[in-house]
There are 2 protein chains.
Amino acid sequence: MSTSSQSSYPMSGGEDQHSYIHNSSYQKAVIDGFEEKARQNILEKFDLLNLNPHLSTFRIVDFGCSIGPNTFHAVQNIIDTVKLKHLKESQENSLVPLEFQVCFNDQPNNDFNTLFRTLPSSFGQEYLSMGVPGSFYGRVLPRNSIHIGYTSYTTHWLSKVPEHVCDKKSSAWNRSYIHCNYLIEEVTNAYKIQFTKDMSLFLEARAEELVPGGLMIVLGECFPDDVAMYETWSGIVLDTIGDCLLDMATSGATTQEKIDLFSMPVYFPQYSELKRAIEQNKNFTIEMMETTSHPLEDKQLTNDFIVSMFRAFLSSIIETHFGDGVVNELFYRLDKKLSKYPIDFDKCKKKMVYYIVLKRK
Amino acid sequence: MSTSSQSSYPMSGGEDQHSYIHNSSYQKAVIDGFEEKARQNILEKFDLLNLNPHLSTFRIVDFGCSIGPNTFHAVQNIIDTVKLKHLKESQENSLVPLEFQVCFNDQPNNDFNTLFRTLPSSFGQEYLSMGVPGSFYGRVLPRNSIHIGYTSYTTHWLSKVPEHVCDKKSSAWNRSYIHCNYLIEEVTNAYKIQFTKDMSLFLEARAEELVPGGLMIVLGECFPDDVAMYETWSGIVLDTIGDCLLDMATSGATTQEKIDLFSMPVYFPQYSELKRAIEQNKNFTIEMMETTSHPLEDKQLTNDFIVSMFRAFLSSIIETHFGDGVVNELFYRLDKKLSKYPIDFDKCKKKMVYYIVLKRK
């Protein structure tokens with residue numbers, strides 16, 4: 001079950017301009033891109049009959065759902081596909097009518113109020129809905145109760161900042177860097193160890209929650225094995241945010257000490273590392289593991305887009321560590337700095353989007 | 001499943017002085033009073049073995065849970081009792097270890113964020129938890145999935161204001177009264193019809209959600225058959241709030257028209273009416289139906305206590321109908337008026353607290 005000692009920084013809540021609701025289109029592009037693939041996989045890999053011919057409640061979970069609209073979109077796609085499959089199989093076999101229950105999981109400090117208040121009209125007509133508070137690095141749902149689990153752009157949030165990374169006396173101290181940019185080997189190793197541990201916890205918990213034959217769909221970003229975070233455009237943005245914080249320390253808006261003790265619990269793995277972490281869990285068969293480029297990879301993203309996206313993603317963790325009132329200035333400075341030193345997307349190394357389908361043995 | 005057209009006015013959320021969190025002790029007195037009775041009933045009436053010897057997930061729901069601490073207290077009592085029963089029965093029969101899942105149900109505009117952020121430490125250790133948004137006058141949970149349902153001080157909130165009660169052309173128009181004080185017969189009848197309809201919807205939905213043998217515990221307030229709302233202390237408070245609104249219309253802080261078109265979807269039934277409504281549903285056996293006086297019935301409640309309690313209960317509906325900024329003045333006026341014309345609790349007719357245990361056939 002979930003532990004409350006873990007760190008948790010939700011996407012920006014509410015419905016205003018800075019909310020994740022209006023700043024999640026980068027993630028949506030990936031979800032849309034895989035929509036057809038998810039349909040195919042569910043139709044091909046999922047065996048309703050073998051599962052339980054008397055099944056009447058079909059449970060779907062979005063782990064780390066944040067707030068809409070991406071989560072509503074993703075679960076609707078899964079429901080539509082299962083309905084189609086159920087309809088087909090019902091023609092040959094007499095299946096019980098299915099009732100869908102969608103479990104929206106995220107940390108207890110996620111903005112569930114906004115999530116529930118913006119539920120689409122298909123809720124109440126097509127599915128029952130519930131919010132499940134708790135860290136997905138532990139159990140959040142009953143044993144053997146879930147038919148399809150889904151998670152998208154979530155497992156780069158580690159359960160906590162790796163040990164020693166914020167310890168000035170350690171060789172794994174991340175100095176003034178605010179994330180794992182792969183520039184200090186000991187830091188990178190500490191992050192790698194934490195990522196592998198967390199992925200193992202994630203899959204162990206899901207293995208208990210999923211029914212035999214159940215599917216777990218995992219979407220996210222990783223790097224080719226020869227690419228380092230600092231070489232990618234998002235690595236550059238995070239390093240630029242770090243530079244802005246250093247400028248703010250100089251002007252007195254924050255302190256060098258605070259920056260030295262800050263490193264984000266965020267890590268994007270390299271491909272073979274991710275693959276190893278997945279393969280280590282013996283409770284699942286890997287039905288599919290594909291990578292592709294991000295649909296917006298070749299686009300020169302505007303500064304506005306970048307600033308808004310990173311603000312929705314980072315406000316909560318920045319405010320928690322640096323205090324109130326830092327966020328506005330920080331992202332104002334980020335905007336200025338990106339205007340002055342624009343990112344040359346053509347020269348950046350490319351990240352990859354991964355799409356994994358696991359089946360519970 | 002739930003319909004969004006129904007009216008819904010949650011208890012005051014958040015954690016400040018006006019929140020229901022700090023103004024729910026009147027309800028808590030009743031819950032505490034019935035705690036021992038709930039234990040006994042679960043121990044006597046509930047048959048874990050007959051239910052399913054392979055049961056591994058035990059599901060408990062609090063329908064209309066609002067925010068803590070009452071809901072946490074009530075579900076913990078149920079869990080402790082089921083655990084005790086399970087332990088006893090496991091000694092004679094080999095039962096699977098139980099995992100508890102607690103479903104906290106309330107309207108989608110309930111303050112689930114505060115609910116989740118104040119979950120007691122036993123969550124995560126003793127039970128998995130989920131929030132279930134939706135009106136309990138429709139289905140909110142899967143068929144045949146719940147073992148013990150519980151609801152306390154909720155079913156006096158009707159699904160909507162009865163028809164015609166806010167229609168100036170109708171003989172059932174409630175004039176300047178803001179609630180069903182039993183002073184206009186046609187109004188009372190309209191409320192009675194709505195209450196009976198709603199109780200029927202409530203029980204129909206629960207009958208689908210509960211497993212055969214499952215228990216539904218219902219706590220609330222009603223009147224003896226010869227008592228009318230306006231004769232009770234809470235009826236007097238509501239009528240006094242109505243008087244304050246009329247004063248505010250005179251001073252221009254609101255309008256007579258707004259008051260004429262306002263009547264609360266709240267109704268406390270008389271005992272035999274409640275009994276009939278329960279008996280009409282044939283899916284349950286009535287295992288117990290008891291009434292008693294409220295534990296604080298003989299206490300002269302202080303004005304502070306009354307004002308705070310009614311503010312937590314009514315802020316949301318008052319604000320929705322009369323607009324922002326009315327609430328502070330209204331409850332300030334209520335305080336003044338109660339000081340000037342104190343309620344003589346000895347002369348008030350007494351309400352009753354009811355405690356019902358139903359078993360799903």
Side-chain angles (χ1 to χ4, degrees), chain A residues 1-6 8 10 13-14 54-59 61 67 96-135 138-146 205 208-209, chain B residues 1-6 8 10 13-14 54-59 61 67 96-135 138-146 205 208-209:
Chain A
M1 302 197 182
S2 74
T3 62
S4 55
S5 64
Q6 294 170 327
S8 157
H54 306 295
L55 184 74
S56 71
T57 304
F58 194 98
R59 291 196 181 85
V61 193
I67 50 179
V96 177
L98 278 191
E99 188 162 78
F100 289 88
Q101 184 178 31
V102 176
C103 308
F104 295 100
N105 158 257
D106 212 313
Q107 294 279 5
N109 61 355
N110 182 50
D111 188 357
F112 282 96
N113 285 353
T114 296
L115 182 80
F116 290 161
R117 286 164 199 186
T118 56
L119 278 166
S121 56
S122 55
F123 155 70
Q125 286 154 26
E126 291 194 55
Y127 58 90
L128 298 163
S129 156
M130 45 182 48
V132 180
S135 162
R139 287 278 306 290
V140 291
L141 287 153
R143 280 188 288 264
N144 206 18
S145 67
I146 303 304
E208 290 193 55
E209 292 163 355
Chain B
M1 301 197 183
S2 74
T3 61
S4 56
S5 64
Q6 295 169 328
S8 157
H54 306 295
L55 184 73
S56 71
T57 304
F58 194 97
R59 290 197 181 83
V61 194
I67 49 179
V96 178
L98 279 190
E99 187 162 78
F100 290 88
Q101 184 177 32
V102 176
C103 308
F104 296 99
N105 158 257
D106 212 313
Q107 294 278 6
N109 61 356
N110 181 52
D111 188 356
F112 283 97
N113 285 353
T114 296
L115 183 79
F116 289 160
R117 287 164 198 187
T118 56
L119 278 167
S121 56
S122 55
F123 155 69
Q125 287 152 24
E126 291 194 53
Y127 57 89
L128 297 163
S129 157
M130 43 182 50
V132 181
S135 162
R139 287 279 306 291
V140 291
L141 287 153
R143 279 188 288 264
N144 205 19
S145 66
I146 303 304
E208 290 192 56
E209 292 163 354

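Applying the side chain to side chain contact (heavy atoms under 4.5 Å, CB included) rule to A:N109 yields the partners A:S8, A:P10, A:Q107, B:R117; only residues at least two apart in sequence or on another chain are considered. Under the side-chain hydrogen bond (donor to acceptor under 3.5 Å, both in side chains) criterion, B:T57 pairs with no residue, sequence neighbours left out.
The minimum heavy-atom distance linking A:L119 with B:P133 is given by the pair CD1-CG, 4.0 Å. Closest heavy-atom contact between B:L128 and A:L141: CD1-C, 3.3 Å. Listed here is the closest heavy atom pair of A:R143 and B:E99: N-OE1, 3.0 Å.
With values rounded to the nearest 0.5 angstrom, A:N113 atom CG is found 9.0 Å from B:F116 atom CZ.
For A:L115, no part lies near chain B; criterion is any non-hydrogen pair under 4.5 Å. Looking at A:N110, only its backbone comes within 4.5 Å of chain B, counting heavy atoms on both sides. Contact of B:N105 with chain A is not made at all, since no heavy-atom distance falls under 4.5 Å.
A donor-acceptor contact shorter than 3.5 Å is absent between the side chain of A:Q101 and the backbone of B:P142.
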